[in-house]
Q: 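Let me begin by handing over the structure; questions about it come next.
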Amino acid sequence: MYYYEIAVFGTYTYNTFTYSYEEKLAPGQRVLIEFRNQQKLGVIISETNKKDYEVKEIELVIDEKPLLNKNHIELAKKTSKKFLMPLSEVAKLLFPPTSSDRIKIKIIPKSTLSNINKPIFLNEYYKHFKTKREANKVLKEMVKNNIVELSVHIVKPKKENNKIIILKKDFIEILNERLSASAMKVVNYILEKDENVYEEELYEKKIISRSSTVLKTLVKKGIVDLIEESKINEEPFIVELTEAQKEVKEKLLKKGSSVDLLYGVTGSGKTEIFFEVMEEYLNKNKKIMIILPEISLTPQSVTRVKKRFPDKNIGVYHSNINSIKRIKTWYDAVNGNIDIIIGTRSAIWIPLKDIGMIIIDEEHDQSLYQFDQLSYDAVEVAYLRSEIEEVKLILSSATPTLREMKKAYEKEINLLELKERVFTEMPDIEIIDMKKAEKISWIFTKKVLEEINKILKNNEKVLIFSPTKGYANYLICTNCGNVLKCENCDVSYTYHRYENKLKCHYCGSEKKVPNACPVCGNPELQLRGYGTERVVNELLKYFPNQKIIRMDREIIKTHEDLERAFEEIKKEGSAIIVGTKMITKGLDIEDIKLVVILDSDRYLNFPEYTSQEHTASLLIQVAGRSGRKEKGKVIIQTFKSENNFFEFIKEHNYDQVVEYELNNRKKFNYPPHSDLLMIIFSNSKPEIALKEAEDFYKKLKKEKLEAEIMEPTEPLIPKLRGQYRYQIIIKGKINHEKIYEIIRKHNKKMYLYLNPHTTLL
DNA sequence: AGCACGCCGACT
DNA sequence: GTCGGCGTGCTC
């Protein structure tokens, strides 16, 4: 007998469990086991010795050969320690998310006593019961009495049929054919699109169903041809690099430092450099992983890579892709059939064979941090991978995080800069002081409306950025623009309407709403916060017949919505685009000549230690949308024009923001000078949530940790989806080993967030 | 998350 | 003496 330590998926445990098997197995193989009377999937972490307690036997080996190697197991262990995630869950992340779907359990009747008369799948069987629990009870009884038998089916991923559809006849000829309505839909779709149309695309866009015979008929009638993608021999689309780009490329290819930070302004042509560097790696038979923020991973960005590397196998991996396709891509990546994988943060876990390089574009983007029951930072995972697997890591952004900038300044990583745009100059930035300027309404100044009018008359486009409506309201003095801050935490107070109080969500301190501004004595304090909808309404008053496109989470819910909006924006002619943070990425429209940023104070005054960094990054990214081909303009409205922060922005000087902020953070020992761990306890009963938080707080206090441990407080949102919440924040030097052990032994449900970009959730 | 185990109080 | 309610802790 051999003995194995197994991480059991979906059990939320930090421990592994020992199981036996008569044959020799290897770490990384998945197995089916019985765990507390349930069939569970797990992965072998290591071989171990016989135990002095009874262990169960592995029921079934799922993977004939391990699909993970020792590096991947190491990655799981290290990430588990770093982000204090249960090993059982990290191990699961390394496999495709629906991997358990591949395993189907069939119930086979063995006796006429059974009320099941033919074999059925477990999922089907569950439907006959009110609860799964009840069903399992009956099932267990039946298995015990030998009335039924369970058998396990492993569903093999289907071979994908994704051919390109080419029209062979012209429209007039086709009209002469008698075609069904759905056949016409297909033909029209192909005619309307000026790019290749894929079979899969027709299914996904619900033009025809998967079971449809329309394509077959069209082929039979000689109207279309289906051809394999690889058969198309296109010339790679290569762009000549500028001198500055070439220089950066050479540095990236130099041996030595394995992590590079490419710090280049928007429009400086970072993508072209990546392509050149990728080429070198691909020539050495190394595979490449590209991680993009959710919103940037558009079909256009994938097409761009495909056009540059027409003869390479490219895999796309993100949550919007259906599970069958994702499983197939995952297996292809593991088996070495994919050269370049492009994906969102979850793709960082793919055990890509022969991986040679990871590129993370828009490194500052918050979607790279998973803020869920499980939380991790894809950038940190990439660091671990690069270390364990000796892979080159390139991080890139126009506004890198303070964390990466600090590392670069301290020469821990290699800093490469691109300060010039390829086609044009950086836009001029004008700051308008809302205290002095002539206002038309409390949203727009006269000056801004005049500027907008000018651009529209010129048949060009204006982009207006506005924060969303929602939480984090703050009180601002209408005279001096002062916003009240907590003295202990250097974080703005948040106004709680219900109690009519100001609260600091870090230390929990409260304050009565003052009658007047404590700085200038003005009695008028205004509650601030408006959203895109209001901005659009306001704009319609001044420009009643103007095309206005609104872009925020309320309007844009899916990738398709986003694409449609982009299509609309691309159309020629004047337009006003009003949007939230969403518009900061992927919008590469040449005739956006003016960018207006409203209520920039709103972000700057977020009750958050990261608010300056995020606002700077946001403003620079939004400003970067202006005049990508021809010099444009940016106008920022603010109540705090005297804040030197705006001076830095005006000069496009992100370095100064970084320097200033790094200094600021030092005073309060915030990251990146330290680590910050947020722990959330939630329960439907507030007293239980509080008790759990207090119990754990006491345990932490006993351990004499170096870091500062804050007492349990109510988070900014004390009740979320019916659950009451309490939080503990730990700040300072975090001893991961020690805290991991405390959590492992404590064995209670809690949510842990290491250096989250927000502590507001 | 679910289940066993054990402590304690109530009731035969 | 026995049953069951519930809090605690373990799951291999």
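Atom set for the values below is all heavy atoms of this structure, side chains included, hydrogens, waters and symmetry mates excluded. First the proteins, then the strands, lettered A, B, ... as listed; each starts at 1.
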Q: Take A:K691 and A:N747, find for each the nucleotide of DNA chain C with the closest heavy atom, and name the residue whose nucleotide sits nearer the 5' end.
A: A:K691
Q: Taking the cut-offs as 6.0 angstrom to the six-membered ring centre and 45 degrees off its axis, would you call A:K81 and A:Y740 a cation-pi pair?
A: yes
Q: Extract, from 5' to 3' on DNA chain C, the first and final nucleotides lying under 4.0 angstrom from some heavy atom of chain A.
A: C:dC10 to C:dC12
Q: Give one of base, sugar-phosphate or nothing for A:Y19, where a contact means two heavy atoms less than 4.0 Å apart.
A: sugar-phosphate
Q: Remember a base hit wins even if backbone is also touched, and classify A:K51 as base, sugar-phosphate or nothing at under 4.0 Å, heavy atoms.
A: nothing
Q: Please identify which of these residues, A:W349, A:Y317, A:F95, meets the ring-ring contact (aromatic ring centres under 6.0 Å, His included) condition with A:W330.
A: A:F95
Q: Regarding A:K40 and the six-membered ring of A:F9, is the cationic atom NZ or CZ under 6.0 Å from the ring centre and inside 45° of its axis?
A: no
Q: Does the distance from a Lys or Arg side-chain N to an Asp or Glu carboxylate O, for A:E380 and A:K82, drop under 4.0 Å?
A: yes
Q: Working to the nearest 0.5 Å, report the span between OH of A:Y21 and CG of A:L60.
A: 7.0 Å
